[in-house]
Amino acid sequence: MIITTPIGKLGLKLSSNILSSIRFLPKTALLSTNQDQAIQRIITELHAYFKNPQHQFKLEFQMEGTAFQKRVWKALQNIPSGKVLTYKELAQKLKTSPRAIGNACRRNPLPIIVPCHRVVSQQGLGGYNGKTGGEMLNIKQWLLKHEGSI
DNA sequence: TATTCTTTTGGCG
DNA sequence: CGCCAAAAGAATA
């Protein structure tokens, strides 16, 4: 399932009507439509967020990962919109090291819903979607601006 | 002080 | 083992 958003095209993957992964797609990707109720609900949630950064997602999704990753992702979801943490701060909160946080964030299957974009480096932006520069960082910056953090 | 290095780092495949 | 979306410290100017 592919939808368009203000930050480009998103590919949504579902497993048994539950959101399991989101990925950013190149603008060359083709749109696809789907009438399925479960998907429509997810799309509505996403659009609501792009309209209102304060929107809280009320949807189910799969959190497949190690115990540590789940711990990090859960902590991420507790960051309110408009607030930003550094890897260091998160590390202190979870009693681990900044490097490990980056590791877990990088493997986040659900960008936007799990707000890994609200974690930044101590000086600079950090990375996004596996990259430390390039187009992905523009998206990260856009999201932070959208939420008023910049 | 500001930049560029080198080392330390936690958890993962 | 070696790979990373980081940070702190040392070295240099």
Side-chain angles (χ1 to χ4, degrees), chain A residues 1-16 18-32 39 42-43 45-150:
Chain A
M1 178 57 194
I2 298 175
I3 64 170
T4 43
T5 70
I7 56 174
K9 295 186 178 172
L10 292 185
L12 311 182
K13 197 189 283 180
L14 303 216
S15 68
S16 60
I18 292 180
L19 192 58
S20 65
S21 92
I22 296 180
R23 16 176 287 185
F24 294 98
L25 298 175
K27 26 188 179 187
T28 56
L30 291 176
L31 284 177
S32 69
I39 292 179
I42 292 169
I43 296 173
E45 290 281 328
L46 283 171
H47 281 153
Y49 167 75
F50 284 117
K51 189 177 169 189
N52 168 25
Q54 298 294 328
H55 180 78
Q56 305 237 336
F57 291 104
K58 296 174 203 157
L59 42 80
E60 302 183 63
F61 54 86
Q62 224 163 345
M63 281 226 315
E64 267 185 30
T66 65
F68 177 77
Q69 287 170 347
K70 287 182 196 166
R71 219 175 68 196
V72 174
W73 300 339
K74 201 174 169 187
L76 288 178
Q77 293 180 73
N78 286 333
I79 305 176
S81 181
K83 187 171 179 183
V84 187
L85 289 185
T86 61
Y87 291 97
K88 183 185 170 187
E89 288 171 313
L90 247 189
Q92 288 172 349
K93 215 176 245 193
L94 299 184
K95 309 265 194 200
T96 179
S97 83
R99 204 76 185 74
I101 300 290
N103 230 321
C105 291
R106 201 168 82 77
R107 293 173 173 75
N108 171 18
L110 300 168
I112 300 175
I113 302 212
V114 175
C116 48
H117 58 272
R118 289 183 198 144
V119 187
V120 298
S121 164
Q122 200 166 237
Q123 40 190 318
L125 256 189
Y128 199 53
N129 220 247
K131 308 236 177 175
T132 49
E135 205 60 32
M136 288 307 141
L137 280 214
N138 291 338
I139 296 178
K140 181 170 186 174
Q141 193 167 4
W142 190 96
L143 290 169
L144 292 175
K145 202 171 177 182
H146 182 51
E147 298 177 356
S149 297
I150 294 181

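Convention: sequence-line order gives letters A, B, ...; per-chain numbering from 1.
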When you measure only distances, ignoring hydrogens and angles, does the side chain of Asn103(A) come within 3.5 Å of the base of dC12(B) through a donor and an acceptor? no
When you measure from the side chain of Thr96(A) to the backbone N and O of Ala91(A), does any donor-acceptor pair fall under 3.5 Å? no
Check: His146(A) side chain, Phe50(A) main-chain N or O, donor-acceptor pair, under 3.5 Å: yes
NZ on Lys140(A) to NZ on Lys131(A), rounded to 0.5 Å: 15.0 Å
Within the structure shown, what part of the strands sits under 4.0 Å from Tyr87(A) by heavy-atom distance: base, sugar-phosphate, or nothing? base
Please name the nucleotide paired to dA5(C) by Watson-Crick or G-U wobble geometry with both distances under 3.5 Å, or report none. none
Determine, step by step, whether Asn103(A) and Arg107(A) satisfy the side chain to side chain donor-acceptor pair (under 3.5 Å) criterion, reporting the C-alpha distance in whole Å, the side-chain angles of both residues, the deciding distance to 0.1 Å, and the verdict. CA-CA 7 Å; Asn103(A) 230 321; Arg107(A) 293 173 173 75; 2.3 Å; yes
Can you find a side chain N or O atom of Gln123(A) that sits less than 4.0 Å from OP1 or OP2 on dA6(C)? no
For Gly127(A) and for Lys88(A), locate the closest nucleotide of DNA chain C by heavy-atom distance; then report the residue assigned to the nucleotide nearer the 5' terminus. Gly127(A)
Identify, between Phe68(A) and Arg99(A), the residue whose nearest nucleotide on DNA chain B lies closer to the 5' end. Arg99(A)
Distance, rounded to the nearest Å, where Gln69(A) contributes CD and dC4(C) contributes C1': 13 Å
When you measure from the side-chain N and O atoms of Ser121(A) to the phosphate of dA7(C), is any distance below 4.0 Å, counting only OP1 and OP2? yes
